Amino acid sequence: MLKEVVEFYAPRELEEAHGLLLKHYPHAQLVGGGLDLTWRERKETRYLIGLDRLPLKFIKSEEGTLEVGAMVTIRELLENEALENVAPDSLKPALKAIATPLLRGVITVGGSLARAYPWSDLPALFLGLESKIGIFDGKYRVFELREFYEGDFREILRRALITKVLIPQSKGRYFSYRRFTRTGVDIPLLNQAVSLHFREGKIEHARIFLGARPGFPLELEEIEGLLEGKELSESVIGETCAMLRESAPVESDFRISKEFRIHLAGVLLEENLREIKGKYESSIQA
Amino acid sequence: MRVQFKLNHKEVSFNVHPGESLFEVLRREGNYEVKGSNCRDGSCGACTVLLDGVPVPSCTILIGRVEGREVETVESLGDMENLHPLERAFLENGAVQCGYCIPGILLVAKALLDRNPNPSREEIEEELSGNICRCTGYVQQIEAIERAAELLREERK
């Protein structure tokens, strides 16, 4: 029980929710799935602002973009066929690897992006998909997710609500996501999102994010540069994995050592690239 | 504060602390068969209930989120006189040992069969992967769910 809480609000309008957040700052917490609030006590929290009644549960395609409302759970996202327009055959396996079916029914897209723990899966995954994020701070605003996280996003979110994530739809995207954990429900010790676009057999555009480093997801621009303009051959895969093992931006923490993370970074990249290579070659033959 | 919702198909209204979880309220208000939350973070599945038909760990659901919604515990399935096909199948297949995980697993199974009356073994295994059982090794439970799916399909004919 959150013993210090004195009130649970259930607003129906974004302006109302935002007003409550400002009124009770810094003692108010927004409640999406609520998982982050129930597993550890927050003595400073006095007011809870439930988001269930706000118009934040939607999944819709708008002009080449998949818009996912902040209160959509991972389970609901998995059940939506529009995922196939984002990254065919790859987004569902990535989402299914996160937590358990029970927890996927509670974890919300907005909650995960707001908390943005360094080990979280959804920030790394949506960064890899070059997504945007919508917020409401009295006005509706949209940011590139990468720029949002590079700025002082925690300060912004003290006085704002996440409303949605916007994911570019692209049947030409080849995407793979991997995470390494000790158990099925554990947080990742390392995660990695790889997104490649091909043109005439060569990689035109690459996006690779490494998360749970243990730091926040970081874009691997040097590795992307090594891939772009090349065919995804065995030698290119070998070369990029070797480079990552030389330069992986990882550290030790109480879970695993830097050396093990370096090794894992190379393994995840190799597996991700091979998976994409297989899908790309199958699609050409089809 | 007061919270009103449907519990096992009946309207209920409880005085609650705004910082309580659904698990805490159910255990206090009616001794519903929601097993003691072992992990308190949703990872063991013992305290599973259905919230609007979706299986969730009740220890992770703050009670304020439940206002106006529908909650089902294992009591919603059947009773000693009239067992639900899932309950019958679990008993017949020897799928219950200590029983601690069973209410949660039954509800996960019910939600699965409501959505998909003919799940594959792989789909059953996947859906059960959030519920820990230390006794059985899961084999009889999976077989019981397959048997219950058969029984339910026969009932619907």
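Source: prediction; values computed, not measured. Chain letters run A, B, ... following the sequence lines, proteins first and then strands; every chain starts at 1.
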Show your working on salt bridge (Lys or Arg N to Asp or Glu O under 4.0 Å) between Glu123(B) and Arg115(B) and close with a plain yes or no.
CA-CA 12 Å; Glu123(B) 284 167 330; Arg115(B) 208 169 61 243; over 6 Å; no
Applying side chain to side chain contact (heavy atoms under 4.5 Å, CB included) to Leu151(B) and Glu154(B), what does each step give before you reach the verdict?
CA-CA 5 Å; Leu151(B) 292 171; Glu154(B) 280 164 21; 4.3 Å; yes
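In terms of heavy-atom pairs under 4.5 Å with chain A, the best-connected choice from Glu67(B), Met1(B), Glu127(B), Arg69(B) is Glu127(B). Per-residue counts of heavy-atom pairs under 4.5 Å with chain B were compared for Thr100(A), Asp52(A), Val6(A), Leu37(A); the largest is that of Asp52(A). When Ser21(B), Ala111(B), Pro57(B) are compared by the number of non-hydrogen pairs under 4.5 Å with chain A, Pro57(B) comes out ahead. Of the residues considered (Ala99(A), Gly34(A), Gly33(A)), Gly33(A) shows the highest number of contacts with chain B, using heavy-atom pairs under 4.5 Å.
With respect to the salt-bridge test (charged N to carboxylate O, under 4.0 angstrom), the residues Arg147(B) and Glu150(B) qualify. Under the 4.0 Å criterion applied to side-chain N and carboxylate O atoms, Arg179(A) and Asp121(A) are assigned as salt-bridge partners. Salt bridge Arg178(A)/Glu275(A): present, at least one basic N to carboxylate O contact under 4.0 Å.
Tyr25(A) does not carry Arg158(A) over the face of its six-membered ring by the limits of under 6.0 Å from the centre and within 45° of the normal.
Looking at Val54(B), the atoms closer than 4.5 Å to chain A (heavy atoms on both sides) all sit in the side chain, from C-beta outward. Both the backbone and the side chain of Ser129(B) have a heavy atom closer than 4.5 Å to some heavy atom of chain A. Contact of Gln29(A) with chain B is not made at all, since no heavy-atom distance falls under 4.5 Å. Only the side chain of Val108(B) has a heavy atom closer than 4.5 Å to any heavy atom of chain A. With a 4.5 Å cut-off on non-hydrogen atoms, Glu24(B) touches chain A through its side chain but not through its backbone.
With a 4.5 Å cut-off on side-chain heavy atoms, Pro214(A) and Arg261(A) count as touching.
Residue-level contacts of residues 101-110 of chain A with chain B, in order of numbering, are Pro101(A), Leu102(A), Leu103(A), Arg104(A), Gly105(A), Val106(A); threshold 4.5 Å between heavy atoms.
Heavy-atom minimum distance, Ile132(B) versus Arg134(B): CG2-CD, 3.9 Å. Closest approach of Ala87(A) and Leu129(A) over heavy atoms only: CB-CD2, 4.5 Å.
Side-chain atoms of Asn131(B) do not come within 3.5 Å of backbone N or O of Ala46(B) as any donor-acceptor pair.
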